[in-house]
Amino acid sequence: MDYQKIITEVYSEVKSEENKGKIPDYIPEIANISAEKFGVSFTDLNHHSFGFGDFEEKFSIQSISKVFALSFVYEKLGEELWHRVDVEPSGNPFNSLVQLEADKGIPRNPFINAGALVICDILLEICSNPKEELLSYIRNLSEEEDINFNEKVAASEMQNSFRNTAMCNFMKSFGNIRNKPDAVIELYCHLCAIEMTCKQLSKSFLYLANEGEKPSNMAQILSPSKVKRVNAILLTCGFYDESGEFSFRVGLPGKSGVGGGIIAIYPHHYCIAVWSPKLNAKGNSYRGMKLLEEFTTQTGESIF
Ligand code: GLU
């Protein structure tokens, strides 16, 4: 299969069409990004890699980082983790509070904000320096040292984190947040403020395409059974309340972020990362979804 040719064609086709959607304005520091940025990067298990457009430019990966945080915590805690966060799609917006009351403070899954806040709370419990440990985890996966938080984005999110703070306090009232809510929010906002390129992302997530093993040095990041579970949650919960639609249209596990990034994994083969900042009504990159839909249509490859 000539993936490079297919992606070249699909990239120019999507680029030639109207760029619909809207850049979110609720995080002022990312609202200023050019709407026309558009990058895609493909990396397979042999480290054959190529990209187009703005694939080497850093952007705010936002909720994509929730996958790193989940992998980190899951490896350390094992199945005990699922006592504090569930694995069901929420069918609700990523920052919704409504289900938490009925679910007694247990978030539906680790990728909605409430779930990621619980993961951050656990990070604070198990790490002496969670921010540094997270960065070094990601630096190891990407094999690049220059991966950092954008402190301006983190500060901007902290100043506007009223909903996340409400969620955190609410979960604390049920005993599912054990640290001070301020500390959890501070870590969460940093987690969202990590910056990476499409190229770095498509390389970093290869362990999820390779039964948990980092292909370059065979280091086991997660066990095969845990990778199966993480990919299952990505498929069912990775795209907010549009996860069914992504699965229907693209047919691969993946994760999006409000910075306009999307990663998608084809198990045993490759990982693709796309970035285009305009989001559709459900908060997923408009062009990113289109490109991946066209890509799997052309290749005929999906997990189904
Ligand atoms: N920092 C964003 C928030 O908490 C993350 C949202 C996302 O990318 O899903 O609202």
Side-chain angles (χ1 to χ4, degrees), residues 21-33 37 58-70 85 89-98 100 107-121 123 131 134 138 149-171 177 181-196 198 201 205 233-234 236-243 245-246 254-264 273-286 288-289:
K22 200 170 155 280
I23 296 187
D25 52 13
Y26 78 102
I27 306 171
E29 199 57 41
I30 62 170
N32 302 323
I33 198 90
K37 295 283 178 194
K58 288 196 175 174
F59 63 96
S60 193
I61 69 169
Q62 292 290 315
S63 283
I64 295 175
S65 63
K66 291 173 182 168
V67 189
F68 293 128
L70 171 66
V85 53
S90 73
N92 270 302
F94 61 97
N95 57 4
S96 170
L97 282 128
V98 292
L100 280 175
R108 286 280 166 113
N109 66 68
F111 297 143
I112 50 172
N113 288 14
L117 287 163
V118 169
I119 300 283
C120 285
D121 187 55
L123 279 167
K131 282 197 255 177
L134 256 178
I138 301 171
F149 306 112
N150 179 324
E151 291 294 341
K152 281 191 179 162
V153 172
S156 169
E157 289 210 48
M158 276 188 270
Q159 278 161 19
N160 294 281
S161 69
F162 308 109
R163 287 189 77 89
N164 289 330
T165 303
M167 257 174 248
C168 206
N169 281 306
F170 199 40
M171 290 189 289
I177 291 288
D182 284 355
V184 178
I185 292 290
E186 205 252 349
L187 178 57
Y188 173 83
C189 291
H190 278 83
L191 178 67
C192 293
I194 292 170
E195 291 189 321
M196 291 174 77
C198 287
L201 284 169
F205 283 110
I233 307 170
L234 285 170
T236 50
C237 311
F239 292 81
Y240 317 120
D241 46 338
E242 202 174 31
S243 301
E245 183 82 14
F246 186 83
K255 183 75 198 86
S256 62
V258 297
I262 298 183
I263 54 129
V274 197
W275 172 47
S276 170
K278 278 193 172 181
L279 309 182
N280 66 18
K282 296 284 173 79
N284 296 308
S285 169
Y286 173 78
M289 294 261 300

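As the structure lists them, so they are numbered: ligands from 1, and atoms in each ligand from 1. Here, residue 1 is the first one in the sequence, and each next residue gets the next number.
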Taking a 3.5 Å cut-off between nitrogen or oxygen atoms, can you list every pair linking ligand 1 to the protein, with distances?
{"unit_1": "ligand 1", "atom_1": "1 (N)", "unit_2": "Q62", "atom_2": "OE1", "d": "2.6"}
{"unit_1": "ligand 1", "atom_1": "1 (N)", "unit_2": "E157", "atom_2": "OE1", "d": "2.5"}
{"unit_1": "ligand 1", "atom_1": "1 (N)", "unit_2": "E157", "atom_2": "OE2", "d": "3.3"}
{"unit_1": "ligand 1", "atom_1": "4 (O)", "unit_2": "N113", "atom_2": "ND2", "d": "3.0"}
{"unit_1": "ligand 1", "atom_1": "4 (O)", "unit_2": "N164", "atom_2": "ND2", "d": "3.0"}
{"unit_1": "ligand 1", "atom_1": "4 (O)", "unit_2": "Y188", "atom_2": "OH", "d": "2.6"}
{"unit_1": "ligand 1", "atom_1": "8 (O)", "unit_2": "S63", "atom_2": "N", "d": "3.1"}
{"unit_1": "ligand 1", "atom_1": "8 (O)", "unit_2": "S63", "atom_2": "OG", "d": "2.8"}
{"unit_1": "ligand 1", "atom_1": "8 (O)", "unit_2": "Y240", "atom_2": "OH", "d": "3.3"}
{"unit_1": "ligand 1", "atom_1": "8 (O)", "unit_2": "V258", "atom_2": "N", "d": "2.8"}
{"unit_1": "ligand 1", "atom_1": "9 (O)", "unit_2": "S63", "atom_2": "OG", "d": "2.5"}
{"unit_1": "ligand 1", "atom_1": "9 (O)", "unit_2": "Y240", "atom_2": "OH", "d": "2.5"}
{"unit_1": "ligand 1", "atom_1": "10 (O)", "unit_2": "Y26", "atom_2": "OH", "d": "2.7"}
{"unit_1": "ligand 1", "atom_1": "10 (O)", "unit_2": "N113", "atom_2": "ND2", "d": "3.4"}

Any donor-acceptor N or O pair under 3.5 Å, side chains E157, N164: no
Those residues that, when tested against S60, pass side chain to side chain contact (heavy atoms under 4.5 Å, CB included) (two or more places apart): I30, Q62, V153
Side chain to side chain contact (heavy atoms under 4.5 Å, CB included) partners for F149, two or more places apart: K131, L135, E151, H190, I194
Counterpart residues, side chain to side chain contact (heavy atoms under 4.5 Å, CB included), relative to N95 (two or more places apart): P93, N113, R163, M167
Polar side-chain atom of D25 near backbone of P28 as donor-acceptor pair, under 3.5 Å: no
Geometric class of the Y240/F94 ring pair [parallel <30°, tilted 30-60°, perpendicular >60°]: tilted
